[in-house]
Amino acid sequence: MGKVNKTPHWHMLFFIESEKLDALKAVIRHYALEVDGDEKGAAENRYDFKQIDPNKGSATGYILKYIAKNIDGEGVGEDKFGNDSLLVAQRIDAWASCWCIRQFQQIGGASVSVWRELRRLRSMFNDKKDNLLEQARFAADNSDWKGYILAMGSLHTKLKDRPIKLHTDLNIVEETGECLQSYYDGEFILKVKGLWFAGKAIITKHYSWRVEKA
């Protein structure tokens with residue numbers, strides 16, 4: 001069988017109110033065709049919308065299949081081109097690492113990065129004014145995602161209204177004083193320093209590491 005070249009693409013899973021569905025489709029369609037949208041086959045192949053059919057499986061099953069395909073391929077078998085999914089997963093991982101591309105991203109929910117920083121905190125917050133922070137820290141430390149979501153204002157709270165946010169700073173090269181910029185859009189790169197809660201910073205990363213030649 002000849003080599004099959006695959007175009008990098010997204011699989012998106014949305015839960016959305018029915019009255020907003022057409023607007024969402026219009027936005028995706030717009031950006032899918034923004035560059036060279038009039039080329040042959042663009043309108044037919046750059047986007048595809050499917051509603052979940054309970055008879056074929058659940059949303060959880062759908063998303064887990066693609067996560068497994070992109071992590072290690074375990075239990076997936078062969079892809080539709082007959083390639084071993086274990087080997088395909090290794091190639092996908094290498095490609096994503098080479099180009100610094102994030103493979104999975106949650107949107108619209110409480111921050112996963114905040115969850116990770118909370119897990120770095122080992123001491124309890126006993127002050128009453130920090131009660132909410134302690135609820136979130138305790139939930140994260142005990143792998144209680146539901147408890148974390150509730151502490152962060154439940155499912156439908158907007159990002160700007162979440163009580164705990166990331167505390168970030170510019171990523172600066174110590175030798176030159178230069179602020180690092182994104183390869184893709186030139187924006188300044190921010191590094192996570194800790195958490196921001198009730199007007200104060202809580203530092204979770206006290207050390208900076210760098211690789212040097214021996």
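Keep in mind the model is a prediction, meaning the values are calculated, not measured. Quick note: numbers below take in every heavy atom, side chains included, and nothing from hydrogens, waters or symmetry partners.
Contact annotation: the side chain of W196 never approaches that of L166 to less than 4.5 Å [non-hydrogen atoms, C-beta and beyond]. A 4.5 Å side-chain heavy-atom check between D36 and E39 finds at least one atom pair inside the cut-off. In this structure, the side chains of L33 and R46 come closer than 4.5 Å at one or more pairs of heavy atoms.
Contacts of Q51 classified as side-chain contact (heavy atoms from CB on, under 4.5 Å), with partners at least two apart in sequence or in another chain: L21. Checked against side chain to side chain donor-acceptor pair (under 3.5 Å), D130 has the following partners two or more places apart in sequence or in another chain: K200. For S123, the side chain to side chain donor-acceptor pair (under 3.5 Å) test picks out no residue, with sequence neighbours left out.
Closest non-hydrogen pair, L195 versus L121, comes out as CD1-CD1, 4.0 Å.
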Passes side chain to side chain contact (heavy atoms under 4.5 Å, CB included), H167 versus F197? Steps please. CA-CA 9 Å; H167 171 50; F197 174 74; over 6 Å; no

List the steps, then state whether side chain to side chain contact (heavy atoms under 4.5 Å, CB included) holds for I92 with Q103. CA-CA 9 Å; I92 292 172; Q103 293 194 63; 3.4 Å; yes

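Formation of a donor-acceptor pair under 3.5 Å by the D53 side chain with backbone atoms of N55 is found in this model.
The local environment of OH in Y31 is sparse, with at most 12 non-hydrogen atoms from other residues, nucleotides or ligands closer than 6.0 Å.
Distance CE/M124 to CZ/R137: 6.0 Å, rounded to 0.5 Å. The line from CD1 of I164 to CD1 of I202 is 7.5 Å long, rounded to the nearest 0.5 Å.
Annotation: salt bridge (charged side-chain N to carboxylate O under 4.0 Å, His left out) contacts involving residues 13-23, sequence neighbours excluded, comprise E17-K20. Listed by first and then second residue, the salt bridge (charged side-chain N to carboxylate O under 4.0 Å, His left out) pairs involving residues 105-118 are E117-R120, E117-K205 (not counting sequence neighbours). For residues 138-157, the set of pairs meeting the ring pair (Phe, Tyr, Trp, His ring centres under 6.0 Å) definition, not counting sequence neighbours, comprises W115-W145, W115-Y148, W145-Y148.
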